[in-house]
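One structure below.
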Amino acid sequence: MKHTHHDPLVISASKLGISKESINPKALTILRALHEANYDAYLVGGCVRDLLLGVEPKDFDIATNAHPEQIKAVLPSTRIIGRRFRLAHVHFGREYYEVATFRAPHNDSDHGQVGHEGRILHDNVYGNIEEDAVRRDFAINALFYDIFRDEVLDFVGGMDDLEKRQLRLIGDPETRYREDPVRMLRAIRFAGKLGLSIEASSEAPIRELAPLLENIASARLFDEVLKLFHSGQALPVLQLLRDYRLFHSLFPATEKALQSDQSGHFLRLIEDSLANTDKRINAGMSVTPAFLFAVMLWLPMKQLEAGYREESYPDPQGMQLAASDVLANQVRFTAVPRRFSNVTREIWLLQSRFDYKSCRRATSFLENRRFRAAFDFLCLRSVAENDVNLQASAAWWEEFQKADTERQLDMCKAVPHVKKKRRRNKRRGPASE
């Protein structure tokens with residue numbers, strides 16, 4: 001990416017309302033260590049943007065003219081990671097802070113290769129601060145904060161974009177998206193999370209280039225999915241992903257199911273779940289990717305299960321097979337680690353246990369480690385599907401959890417016993433006389 005040299009806009013950080021007091025002490029330790037070793041070191045990217053927007057930063061990223069090995073010499077707890085993009089992670093116990101060397105525009109060397117579709121294969125051409133600024137993605141993410149001079153440096157008009165509350169790619173948008181298609185997802189995440197508009201020229205190529213995401217490693221897309229839907233603003237993010245035709249590249253089976261769902265129940269299930277997730281995240285509570293995938297893939301799984309039922313598979317087996325099919329298909333697009341996909345499967349399979357309300361089975365079910373997640377899923381389904389039977393079941397289990405032993409016994413006795421018909425498996429032939 002060629003650019004013309006120009007001096008940055010330099011603004012007093014104090015006048016912008018930010019100071020060293022807002023910076024994580026461990027990030028300050030890194031900045032001071034590099035400074036004392038005669039290297040330049042700045043806070044950069046999202047933390048500077050968030051400080052200027054009055055948002056508490058989640059991460060404090062640092063940019064420096066020191067190379068990874070030089071960073072490690074100054075800060076021995078550093079681990080150098082990555083091949084495509086070498087980074088220094090400075091560790092403080094289990095916690096680490098990312099320190100990146102200034103990058104320059106890509107060249108034809110082994111350190112700066114670009115693939116035939118324009119995607120960056122290697123990104124280890126080192127440069128100076130101005131070169132680093134112009135090769136970042138969005139102008140609002142290319143602001144540098146020098147804590148030693150109390151200055152914010154803006155090479156690319158990021159301050160103007162913050163004033164306009166807009167996202168604008170640095171350079172030619174199509175070229176930049178082709179270099180790294182994940183930038184399209186980042187645009188959606190920042191727009192949704194921060195309530196920003198996407199500048200017209202940066203927005204224009206997204207729908208056409210959306211299929212490029214299918215060339216991105218599924219493990220990387222899994223990480224992006226978590227950033228998108230665990231941002232605290234998942235509802236607007238979902239709408240934007242669908243509007244810009246990016247959702248299909250992440251959850252193709254989900255998008256197909258949404259298109260075919262005439263009732264609208266599935267969309268409501270997803271929206272209610274995401275609203276609940278946003279509420280939990282913004283209240284500082286934990287969430288699990290397993291629940292997100294259980295919601296997103298529920299209807300695709302149920303549609304496959306219906307096919308197995310038509311072939312006369314028993315209910316538990318049909319759901320097991322459908323769950324395996326839908327999860328195996330999903331990992332081709334977003335790799336779901338087994339520790340999460342196994343929990344997703346459990347949440348689905350446990351839904352049938354809410355039908356059994358004998359005292360022995362009900363009290364045993366309460367002790368199941370996945371009960372709470374399965375129950376939350378039942379409650380969401382009961383509302384989204386507007387099913388009176390599910391709603392009655394959810395209400396019964398809500399009361400059962402809070403009741404004392406005597407009340408639990410009375411509740412179980414009051415439930416009419418219905419003997420379920422056993423489904424004959426036609427595939428195995430008729431039952432013997």
Side-chain angles (χ1 to χ4, degrees), residues 1-3 9 44-46 48-50 52-53 55 105-106 114-115 117-120 123 132-143 154-216 220-221 223-252 254-255 258-259 267 270-271 274 278 333-334:
M1 188 196 313
K2 294 181 180 178
H3 69 280
L9 173 68
V44 67
V48 183
R49 175 201 70 218
D50 289 349
L52 292 168
L53 287 171
V55 176
H106 314 291
V114 176
E117 287 184 329
R119 187 153 65 95
I120 297 170
D123 192 9
D132 191 75
V134 299
R135 57 154 295 284
R136 289 180 176 270
D137 51 10
F138 300 99
I140 64 169
N141 290 341
L143 298 166
D154 177 10
F155 291 91
V156 290
M159 290 301 300
D160 189 46
D161 284 352
L162 277 181
E163 191 73 29
K164 294 176 182 173
R165 295 194 67 82
Q166 74 172 10
L167 277 171
R168 176 178 54 86
L169 272 169
I170 302 163
D172 173 63
E174 181 168 344
T175 302
R176 302 310 308 280
Y177 288 137
R178 286 188 179 279
E179 283 176 352
D180 185 359
V182 168
R183 285 176 179 146
M184 293 184 283
L185 297 180
R186 284 168 62 79
I188 298 307
R189 175 156 57 92
F190 296 138
K193 182 180 178 182
L194 301 169
L196 306 176
S197 63
I198 304 175
E199 180 264 340
S201 63
S202 301
E203 173 188 61
I206 294 178
R207 291 177 180 87
E208 183 186 341
L209 299 179
L212 291 176
L213 284 172
E214 291 163 26
N215 301 323
I216 301 298
R220 188 177 177 206
L221 289 184
D223 291 338
E224 291 300 322
V225 161
L226 297 196
K227 290 175 185 175
L228 286 160
F229 291 109
H230 289 170
S231 65
Q233 294 292 334
L235 266 177
V237 162
L238 173 69
Q239 187 61 57
L240 288 167
L241 286 172
R242 296 192 73 205
D243 284 351
Y244 287 100
R245 300 177 197 159
L246 296 165
F247 187 68
H248 179 271
S249 297
L250 302 174
F251 289 96
T254 308
E255 181 59 40
L258 284 167
Q259 298 287 352
L267 178 60
I270 292 173
E271 289 179 339
L274 294 182
D278 287 345
F333 301 92
T334 62

Out of curiosity, Arg178 CZ to Met184 CE, how far, rounded to the nearest 0.5 Å? 9.0 Å
Side chain to side chain contact (heavy atoms under 4.5 Å, CB included) partners of Asp50, counting only residues at least two apart: Val55, Pro57, Leu194
Taking the side chain as everything from C-beta on, heavy atoms only, tell me whether Val237 gets closer than 4.5 Å to Lys193. no
Name all residues meeting the ring pair (Phe, Tyr, Trp, His ring centres under 6.0 Å) criterion together with Phe251; count only those two or more places apart in sequence or in a different chain, and write none if there are none. Phe247, Phe293
What pairs with Asp132 under salt bridge (charged side-chain N to carboxylate O under 4.0 Å, His left out), at least two apart in sequence or on another chain? Arg135, Arg136
Between Pro236 and Gly192, what is the shortest heavy-atom contact and its length? CG-O, 4.0 Å
Quick check for you: to the nearest 0.5 Å, what is the distance between Leu212 atom CG and Ile206 atom CD1? 12.0 Å
Please list, chain by chain and in numerical order, all residues satisfying side-chain hydrogen bond (donor to acceptor under 3.5 Å, both in side chains) with Thr334, sequence neighbours excluded. Gln330
So do Leu267 and Arg242 actually touch side chain to side chain, heavy atoms under 4.5 Å? yes
For Asp160, salt bridge (charged side-chain N to carboxylate O under 4.0 Å, His left out) partners two or more places apart: Lys164
What one should report as the nearest heavy-atom pair of Ala191 and Leu240 is CB-CD1, 4.0 Å
List the residues meeting side chain to side chain contact (heavy atoms under 4.5 Å, CB included) with Ala210, not counting sequence neighbours, and say none if there are none. Leu246
Tell me, do Ile188 and Ile198 make a side-chain contact under 4.5 Å, heavy atoms counted? yes
For Phe333 against Leu250, the heavy-atom pair lying closest together: CB-O, 3.8 Å
A side-chain contact here means heavy atoms from C-beta on lying under 4.5 Å apart; do Asp161 and Val156 qualify? no
Taking side chain to side chain contact (heavy atoms under 4.5 Å, CB included) as the definition, give me every residue that meets it alongside Ala234, ordered by chain and number, with sequence neighbours left out. Phe229, Leu274, Asp278
Are Leu52 and Met159 packed together at the side-chain level, in the sense that at least one heavy-atom pair is separated by less than 4.5 angstrom? yes
Between Ala187 and Leu167, the two heavy atoms sitting closest are O-CD1, 3.2 Å
Residues in side chain to side chain contact (heavy atoms under 4.5 Å, CB included) with His248, at least two apart? Glu214, Pro252, Glu255
Enter the distance from Arg220:CZ to Leu213:CG here, rounded to the nearest 0.5 Å. 9.5 Å
Drop me the distance from Thr175's OG1 to Asp180's CG, to the nearest 0.5 angstrom. 13.5 Å
All heavy atoms of Arg183 vs all of Phe138, minimum pair found to be O-CZ, 3.7 Å
Tell me every residue that passes salt bridge (charged side-chain N to carboxylate O under 4.0 Å, His left out) with Glu203, counting only those two or more places apart in sequence or in another chain. none
According to salt bridge (charged side-chain N to carboxylate O under 4.0 Å, His left out), who are the partners of Arg186, at least two apart in sequence or on a separate chain? Asp137
Using the side-chain hydrogen bond (donor to acceptor under 3.5 Å, both in side chains) criterion, which residues pair with Gln239? Sequence neighbours excluded. Asp243
Could you go through the side chain to side chain contact (heavy atoms under 4.5 Å, CB included) check for Leu185 and Leu221 one step at a time? CA-CA 9 Å; Leu185 297 180; Leu221 289 184; 3.9 Å; yes
Nearest 0.5 Å, please: how far is OG in Ser231 from CZ in Phe190? 10.5 Å
Locate the shortest heavy-atom distance separating Ile140 from Leu143; write the atom from each residue and the value. O-CD1, 3.9 Å
When rounded to the nearest 0.5 Å, the distance separating CD of Glu224 from OG of Ser249 is 13.0 Å
List the residues meeting side-chain hydrogen bond (donor to acceptor under 3.5 Å, both in side chains) with Glu199, not counting sequence neighbours, and say none if there are none. Ser201, Ser202
